[in-house]
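Worksheet: the structure to be examined is printed underneath.
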Amino acid sequence: MYVVCFWTIPCCLVDNINRPAQITVRYERRSSLPAFARRRDGHFNAGQGKIGPSSIQGRLDKRLNPLTQPTVSTNYSPFRLKRDAVIIIFFLFSPLTTAMAAAARFLLRGAVSKAPIANVNVGAQSSFGITLLRLSPNCSSKTKTQRRNAAHFTYHPDPVPTEYGPTTKMNLFQSVTSALDNTLASDPTAVIFGEDVAFGGVFRCTVGLRDKYGKDRVFNTPLCEQGIVGFGIGAAVAGATAIAEIQFADYIYPAFDQIVNEAAKYRYRSGNLFDCGNLTIRAPWGCVGHGSLYHSQSPEAFFAHCPGIKVVIPRGPVQCKGLLLSCIADQNPCIFFEPKILYRAAVEQVPTEAYTIPLSQAEVIQEGSDVTLVAWGTQIHVLTEVANMAQEKLGVSCELIDLQTILPWDTETVCKATICCAPPTLLQGHHLNCSRGFSACFEGGNILSSPVGGQDRTVAYQSRGSNHRRLCCRDQLHSANHTQRYLDNGMLFSVGITSSG
Amino acid sequence: MRELQPQFKKNIGAVHEASSFLRGYKGTTRDFLILGARMVASTRSFADFTPQASFDVKKCELHRLDEGPSETAVLTREQGLQYYRIMQTMRRMELKADQLYKQKIIRGFCHLYDGQEACAMGIEAGINPTDHLITAYRAHGYTFTRGVSVREILAELTGRRGGVAKGKGGSMHMYAKHFYGGNGIVGAQVPLGAGVALACQYQGNNQVCVALYGDGAANQGQIFESFNMAALWKLPCIFICENNKFGMGTSVERSSASTDYFKRGDYIPGIKVDGMDVLCVREAIKFAADYCRAGKGPIVMELETYRYHGHSMSDPGVSYRSREEIQEVRSKSDPITMLKERMLSNNMASVEEIKEIDVEIRKVIEDAAQFAISDPEPPLDELCNHIFANNPPMEVRGTNPWVKLKSVS
């Protein structure tokens, strides 16, 4: 037992040295492997805790009280401080064991050989890109491909909002629960339904609501997405505030016809006599590292060309609650995509009372003068890192805009920001594959081709000889094995910035 | 005995060799040792065993049918050993996958099939290798019965290039000849199965298509669309609902207005089958295949079965059902135990023989696991292959316009 501890503690220290300050989620460990042989898992994969049953549903039987907070610890929790002190003492006195432990871990991790990512790039600029890749402390190409457990971004929490009343610490799924709680309390016609929502949902977004509000307001549906959305449209038309959950955004396609042909067109085709504005559809969205083909998709682009609905994607808990409440209040059918990789990883101080964040208003997160970066959802955090890196290493000042509402999107803010850059330079990031991304319509600087473009400012943007690039994922389908390489890393964005001048 | 997949022939061949050599030979223990590892260490000669026996199987409930599958099944000794071997291999393979998942060597999603082996084995025993089969994501068992080796299955689970889909598919996307997967989206495979049946009818090759889905998927609209098309055009399609009582964590009573899944075809005849008895499944599928081949149209079957694991590896499986329930099913209706007891009580096999098969299977699984762990991952230049069918290699844009990847098909 002593020997095991001896090996463990230096390992922890080495690990901490290599990683930047991050929020980690701790679960209890169950493994027969000795401590030094366990792979330290990525900190943001909600489904991949330690060895043992991963993901949320595996912990249901342990969580007797569904409303307890998950064990989320940050780098400055008391336990870690004490342990870190012990670690330092050990480290001072046992440099040899530390080195040996690190070597052991490295060997074990690198047991399976992988081709280096450098082979993939071709062309003159790529060598510069590779140089840039190597400059970054954490992003050397070799470790990226070998270290498949690492997440590809660091979460940047919003500052604590002061204008909405008292706040508590919540992660993304708890902020969803809070928003739904507020809605069910204030609106007697509100109902929540979807697959498995009654016990709390596979991502725990509806935990406790059935007990609190009754089984006729929070209920399960059978396995039928087309039926769920169709049913939701009907309930909304009849006057109920219907909040439908699609279990994963990847499963929304059977409901595509209902959304596009029924929900979006209801008001128009009835001459404003009927509408299903009371409908909100929620779905977990985006890649999560282990989701592969059917638990990782980001289908906002499919809906972005459909007038009549609104598509909203938050970047964190504060935004999530406000935007979700706005969607529910909005008199148009809304689709609300929640980045599933942030469900547990994103923790912020969120107001407990209801509040709204206006839709169709992009938020300028960071001011800048050289390049405009536009993104939504998880990529905001990637681009925050990129903007910082660009400032430090290249002296490029980036303006970072969170689009928030994909449809109808805030053309004014984006155009104003872009025009202010000289030359107008717009970079968009999204973690979809490039032929499917919403901003495919931006490519070539032709904003006029977007569904809601065609305003004076966009014409001005185009005619100024704009410099527009779009950075996204490779145009291929997720395969189970390649997901980690599929996900972008911040350095490639930097390459983009550099190359576009 | 129906024509077997080649890999099974190889395994059974060894037993055949030994048995035919020893039939009527009453030698000493030393002679047995000479024959080597494949020998059954039994002092009884093979002439003592019953070559075949007939068993009563549970009567199947029928819907819109006057006659149902036969209520007695004849099992020969070779068949029994073969079924036992295949089902035991499936069981051990799933348990090995469970172990590898917990060691984080398999990642992503993994839906295990243990408890339901009789369904896969029974269906395979009742159809020809040239018939077609398509199922949902709980597909490892069917991948094996359709002819893929354990090595390739485990390598696919661990995502290595030796895997059946070259490491790019994973647990839910394994394919073989006449086996169309392995499908992740619930219910989406059933219209595909109806389409394959249409192709069989069109080509006139006297083949059938078996389209499987679960009790959760039975509520999908596309299932009913497939029923309608198949009945309208009299497609040779056998729709099989594997009712393991739970759709993820939702029991059938909570999800379905009608839990008689074999009647859901309405105008399509249906059979309800005990899915834990491999002989019952075999007789039923033989009946259904003959029905379809006669051109009478589709047929719906419901296999009542049970899964011991949870829905996937992230589901402990005990939050919506009790451990006692699982234990009860394991002790009373485990398919492998049932077959073993039948064979032993009818003197069709000896305990030693069965043990020997178990040992062999354990070795096969261990080797396969070793291969799956040590095989290298697919190379990075295969990342973009097979997106489109394209004759000259295609360039695929990477994450930024300066990264071009090659796509070859």
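Side-chain atoms are counted along with the backbone in the values below, which use heavy atoms only and exclude waters and symmetry mates. Just so we're on the same page: letters track the sequence lines, and every chain starts at 1.
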(Q) I need the contact set between residues 223-231 of chain A and chain B: heavy-atom distance under 4.5 Å, sorted by residue number. (A) L223(A), C224(A), E225(A)
Q | For E366(B), salt bridge (charged side-chain N to carboxylate O under 4.0 Å, His left out) partners two or more places apart | A | K96(B)
Q: Please name all residues satisfying ring-ring contact (aromatic ring centres under 6.0 Å, His included) with F227(B), sequence neighbours left out, ordered by chain then number.
A: F224(B), F239(B)
Q) Considering residues at least two apart in sequence or located in another chain, which fulfil the side-chain contact (heavy atoms from CB on, under 4.5 Å) criterion with R151(B)? A) S149(B), A368(B), F371(B)
Q: Supply the atom-to-atom distance T259(B) OG1 to N243(B) CG, rounded to the nearest 0.5 angstrom.
A: 8.0 Å
Q) Under 4.0 Å between a Lys/Arg side-chain N and an Asp/Glu carboxylate O for D260(B) and R264(B)? A) no
Q) Does the separation of the ring centres of Y294(A) and H173(B) fall below 6.0 angstrom? A) yes
**Q.** Which atoms of A257(B) approach chain A - backbone, side chain, both or neither, heavy atom under 4.5 Å
**A.** neither
